[in-house]
Protein chains: 2
Amino acid sequence: MPDAKAKTAPTRAAYHHGDLRAQLISAVRSLVETHGPDGFSVAEAARRAGVSSAAPYKHFKDRAEILRGVCSEAMDRLRAEMEAGAGRYPEGSAEAVAAVGLAYVTFAKTEPGVFRLVFGLTEGHENAPDLQSKGEGCFGVVVGAVAAHQRLSPDDPQVLYRAYILWTFVHGHSFLTIDNKVSVASAQIDDWSYLLTVSRAILTQPSAGQPTSGAGIG
Amino acid sequence: MPDAKAKTAPTRAAYHHGDLRAQLISAVRSLVETHGPDGFSVAEAARRAGVSSAAPYKHFKDRAEILRGVCSEAMDRLRAEMEAGAGRYPEGSAEAVAAVGLAYVTFAKTEPGVFRLVFGLTEGHENAPDLQSKGEGCFGVVVGAVAAHQRLSPDDPQVLYRAYILWTFVHGHSFLTIDNKVSVASAQIDDWSYLLTVSRAILTQPSAGQPTSGAGIG
DNA sequence: CACATATGTAAGAATCACTCACATTAAAGA
DNA sequence: TCTTTAATGTGAGTGATTCTTACATATGTG
């Protein structure tokens, strides 16, 4: 076996544990999912990765930095799924816009703990420019889909405004769904038809939501 | 001083500390506001109330139960402000509906930490029927305003559906606002005109959001 | 092969949630 | 009024947690 010491050997590497960083993030993700965003401990994550409780601090400065790592990884996945959703329908169609929203809601339903972590907590997110830019990237997917539908530039205020309304809407629906607040409305919502209906309404409303006297967009 | 031992003396009572329960909730509320929903400790709250670190456990079973107490108190205030908002405009007007939303958003902006606690965490909320019912009470305010506007019964599916859409919007907008995500949309949103515009759109849309073939409301 | 660097461990300090035995007070009955 | 009882608070202690420090071990480069 000439490649016994392959530098990038992914699994069961040497003694120095392959790459702990990724394994820790994975462990924390699973912990956040099962025990909630707050019910996770660095010690338990280390235990699951089979290392001492001091090892994580060689890769992360902080408990908060681990969380930020999980957020970052999750936002990458979220964006990928939003883009995949849009790509499943003709560019510029209302379906493409709704599909972006469906990806968002589906992510929230699939990984509610991580979703809450990403959008609920603000522990150490202030000083995290990469998270900020990844958030903007996700929003950019919405903007892109809306711009394609309206045949306008992504910088157009109308596009940004409608995209924001859509985002607001999808975000709120996601939260209320995973909090089981939907049942409160005694409504059984089918996500796809719901999102499609609302997307169409927002996209086609005459000069939808154009706020009075330019107060809306600065 | 004949009333030196007045039974209901609210302030600076005896040695048994007046009523610790309320004071603890207040201390926790302030801690949650300044240090975030997770950055609070029972010990610190006890310290602020001037009691030993074991005292809180005479009033609350759990750390989670303290949080639930804060949530409960906060939801009472939220509902009161939503009702006050609606009462500021003629019953049945779109302004009344928007005012309910504005109260919601204002609450989130005024007490972002508590807002996140109420709607973000799910630590021990499952087994909290009182919180559940208080949440339904808040939604009921929205439903009431919408029903008045539509001149329909609060049980009407159309009313519930529109109320849910409105709630979704306002909830999402609140979260994105306190997370500073609004700036991402390069939008400077004036809450009142935004809410009024969106409320009018949702309230007046022909058969707004009536989902295809009854899939929306069960 | 030496040596700098990355990565791990072990032990410990400080804090926290929570418990238990005990002290003090308020309220209710004899 | 005196005694009893339940409510409320304290002090000390347990086990777990985060994070630090000093030290051990592996990797790769000259």
Measure from the side chain of B/Val51, starting at C-beta and using heavy atoms only, and say which of D/dT10, D/dT18, C/dC18 lies closest. D/dT10
Length of the line joining A/Leu24:CG and C/dG8:C1', which is rounded to integer Å: 12 Å
Which nucleotide wins on minimum distance to the side chain of A/Ser52, given the candidates C/dT9, D/dT10, C/dA17? C/dT9
In this structure, how many angstroms lie between the P atom of C/dC16 and the CD1 atom of B/Ile66, rounded? 13 Å
Could you tell me whether the phosphate oxygens of D/dT17, OP1 or OP2, come under 4.0 Å of any side-chain nitrogen or oxygen in A/Arg47? yes
What's the CG-C1' distance between A/Asp38 and D/dT17, to the nearest Å? 14 Å
With a non-hydrogen cut-off below 4.0 angstrom, is B/Ala54 in contact with a base, only sugar-phosphate, or nothing? base
Tabulated below should be each protein N or O lying under 3.5 Å from an N or O of nucleotides 4-6 of chain D; please produce it.
none

Whole Å only: how far is the CZ atom of B/Arg21 from the P atom of D/dG9? 13 Å
Is any side-chain nitrogen or oxygen of B/Ser41 closer than 4.0 Å to OP1 or OP2 of C/dC16? yes
Is the phosphate of C/dA6, meaning OP1 or OP2, less than 4.0 Å from a side-chain N or O of A/His59? no
What integer distance in Å separates A/Tyr57:OH from D/dT20:P? 8 Å
Euclidean distance, atom CD of residue A/Glu65 to atom C1' of D/dT18 [Å, nearest integer]: 15 Å
Side chain of B/Ala43 - closest among C/dA17, C/dG8, D/dT18: C/dA17
Between the side chain of A/Thr197 and the main-chain N/O of A/Ser193, is any donor-acceptor distance below 3.5 Å? yes
Identify which one of B/Val105, B/Val97, B/Asp190 satisfies the side-chain contact (heavy atoms from CB on, under 4.5 Å) criterion when paired with B/Leu195. B/Val105
